[in-house]
There are 4 protein chains.
Amino acid sequence: MAFVHSVRVRFGHCDPAKLVFYPRYVEMISDTVEAFFGDALGHPFEVLHPDHAVPTVQMRLHFTAPSRLGDALEIALRPTRIGRSSLDLSFACTCGGETRFTAESTLVWVGASVRPEPWPDPLRSELISRIDPS
Amino acid sequence: MAFVHSVRVRFGHCDPAKLVFYPRYVEMISDTVEAFFGDALGHPFEVLHPDHAVPTVQMRLHFTAPSRLGDALEIALRPTRIGRSSLDLSFACTCGGETRFTAESTLVWVGASVRPEPWPDPLRSELISRIDPS
Amino acid sequence: MAFVHSVRVRFGHCDPAKLVFYPRYVEMISDTVEAFFGDALGHPFEVLHPDHAVPTVQMRLHFTAPSRLGDALEIALRPTRIGRSSLDLSFACTCGGETRFTAESTLVWVGASVRPEPWPDPLRSELISRIDPS
Amino acid sequence: MAFVHSVRVRFGHCDPAKLVFYPRYVEMISDTVEAFFGDALGHPFEVLHPDHAVPTVQMRLHFTAPSRLGDALEIALRPTRIGRSSLDLSFACTCGGETRFTAESTLVWVGASVRPEPWPDPLRSELISRIDPS
């Protein structure tokens, strides 16, 4: 079950080659995770912090086709695996059916001391219900 | 007496028109203020915070000529007026003698509660010695 | 007649003081202008470029109250004056009725050579109809 | 043989958790590649473009320890493998000997049509001389 975050490519996303500058994609991924926690899971970051956070500990990115000014990007987020404190996410960014990038990340549920803690139960159940192992 | 901060224009600063995207200039101004407090005044932000901060309360910007990838920008900062809690700064960004933008800002010395406080004395004296009212 | 652009304050907009980092506001202003040209005027930047552009030549900013993670900002843009090639805009950013910043800018209609050109007629008429001199 | 790019952590790099916001690390990596091509290889991007470019096609990132305001980061870039048109790079970001993140990327030499082209000979030789397969 994918959560989809939409982003219009703006002037400030693009570089002199007239393509999206790839670090801006990583910001879009961060925004997608933030929207997923707030809008899909009901745990907005402004409520989580400062007692909890979900830092990203690793990420892989594949850039498959360029994006241009004005493109309407859809970034689909799918949880793929949950651990005691970790969560694997997969991302696919498309525009009009064409894949622009894919990504996988691992994030960790941490407490105020930035130490991993087990996912709290209602959130764990909600995440498990959304896992798509494909 | 100007404090000069140098910035090389990178790919990520530029937009599809191949010119520096003007919000990036505002980041460069913020970096210049931060370098001024750390390198010139000996009050780096990592030491100031969280007990004190110098938020910018107003700014004027004039963009006079475009900048391009690879340009070596020099941003000159001059304090122009000090108040009880405020400080006016003027900025001139040049490249090879050509002015790219000028700016004026006002920032305020605040305590942890984000309320203005009088400039502490050694810092006030240091700032006064650098004021260039021209 | 104001054009309103909505922005949710994300993690990446905020600084270690837990407030929106002010250069991010300037990016939001740029996005608001871009949305205005595309959504209100029917001249999206991806169609304007590279034959025309509307670079910002000056801007004034007043930061009146801080914004925090999760805030739902509304940025209202009002055209206030049109010249042969120039356009003055005023901006007011609010959250739940509280003003966070105001700004005024001047932008210029330029051709491919980045020289000012007179506003083309249907666009000039459309802009005039939206001017709010207050 | 590593190429080292130094970055001081600024206010704008950090998030409300007072740590570097990880998409800013990806911008730092992009800047490191740009500095490597300009300063080490003598092929600054402003000369390469628009006839050639080196888009990043994939990247892996491991975030191992957080960075904070004022940290003096050193990002070491090492070429690890060269193909007909591709180049693998490895990155290690440290501060005072502590690793903050590591990354690996693959970039491709492309022509104006954004199609891969074989590395030109003097550049290929220069890159081969710098390869560190460890």
Side-chain angles (χ1 to χ4, degrees), chain A residues 3 5-21 23-56 59 66-73 75 77 95-96 105 107 110 112 114, chain C residues 3 5-21 23-56 59 66-73 75 77 95-96 105 107 110 112 114:
Chain A
F3 170 80
H5 181 63
S6 299
V7 183
R8 170 74 46 149
V9 174
R10 295 293 186 196
F11 217 59
H13 292 130
C14 299
D15 63 22
K18 302 181 188 248
L19 309 178
V20 170
F21 181 56
R24 307 286 173 243
Y25 282 141
V26 183
E27 290 189 62
M28 293 179 195
I29 289 175
S30 172
D31 286 351
T32 302
V33 171
E34 197 170 335
F36 173 66
F37 273 81
D39 301 343
L41 301 179
H43 284 68
F45 279 16
E46 62 268 25
V47 175
L48 284 187
H49 290 90
D51 291 332
H52 290 94
V54 283
T56 295
M59 181 172 281
S67 297
R68 292 179 170 81
L69 186 61
D71 282 355
L73 304 181
I75 304 178
L77 173 160
C95 180
S105 73
L107 46 79
V110 301
V114 201
Chain C
F3 170 80
H5 180 63
S6 300
V7 182
R8 171 73 47 147
V9 174
R10 296 293 186 196
F11 217 61
H13 292 129
C14 300
D15 63 22
K18 302 182 188 246
L19 308 177
V20 170
F21 181 56
R24 307 286 172 244
Y25 282 140
V26 183
E27 289 189 62
M28 293 178 196
I29 290 174
S30 171
D31 286 351
T32 302
V33 172
E34 196 170 336
F36 173 65
F37 271 83
D39 300 344
L41 302 179
H43 285 67
F45 279 14
E46 63 268 25
V47 175
L48 284 187
H49 290 90
D51 291 332
H52 290 93
V54 283
T56 295
M59 181 171 282
S67 299
R68 291 179 170 81
L69 186 61
D71 282 355
L73 303 180
I75 305 177
L77 173 160
C95 179
S105 72
L107 46 80
V110 300
V114 200

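The chains referred to below are lettered A, B, ... by the order of the sequence lines, with proteins before strands, and numbering in each begins at 1.
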Trainee: Would you mind checking which part of Arg8(A) comes under 4.5 Å of any heavy atom in chain C, side chain (CB onward), backbone (N, CA, C, O), both or neither?
Mentor: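 When you check distances to chain C, only side chain atoms of Arg8(A) fall under 4.5 Å.
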Trainee: Determine the option with the most heavy-atom pairs under 4.5 angstrom with chain A, choosing from Ser30(C), Gly12(C), Ala35(C).
Mentor: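 Top count of heavy-atom pairs under 4.5 Å with chain A: Ala35(C).
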Trainee: Which one wins on heavy-atom pair count under 4.5 Å against chain A: Glu27(C), Arg10(C), Glu46(C), Lys18(C)?
Mentor: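 The answer is Arg10(C).
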Trainee: Where on Val47(A) is there a heavy atom nearer than 4.5 Å to chain C: the side chain, the backbone, both, or neither?
Mentor: neither
Trainee: For the residue pair Glu34(C) and Leu69(A), what are the closest heavy atoms and their distance?
Mentor: OE2-CD1, 3.5 Å
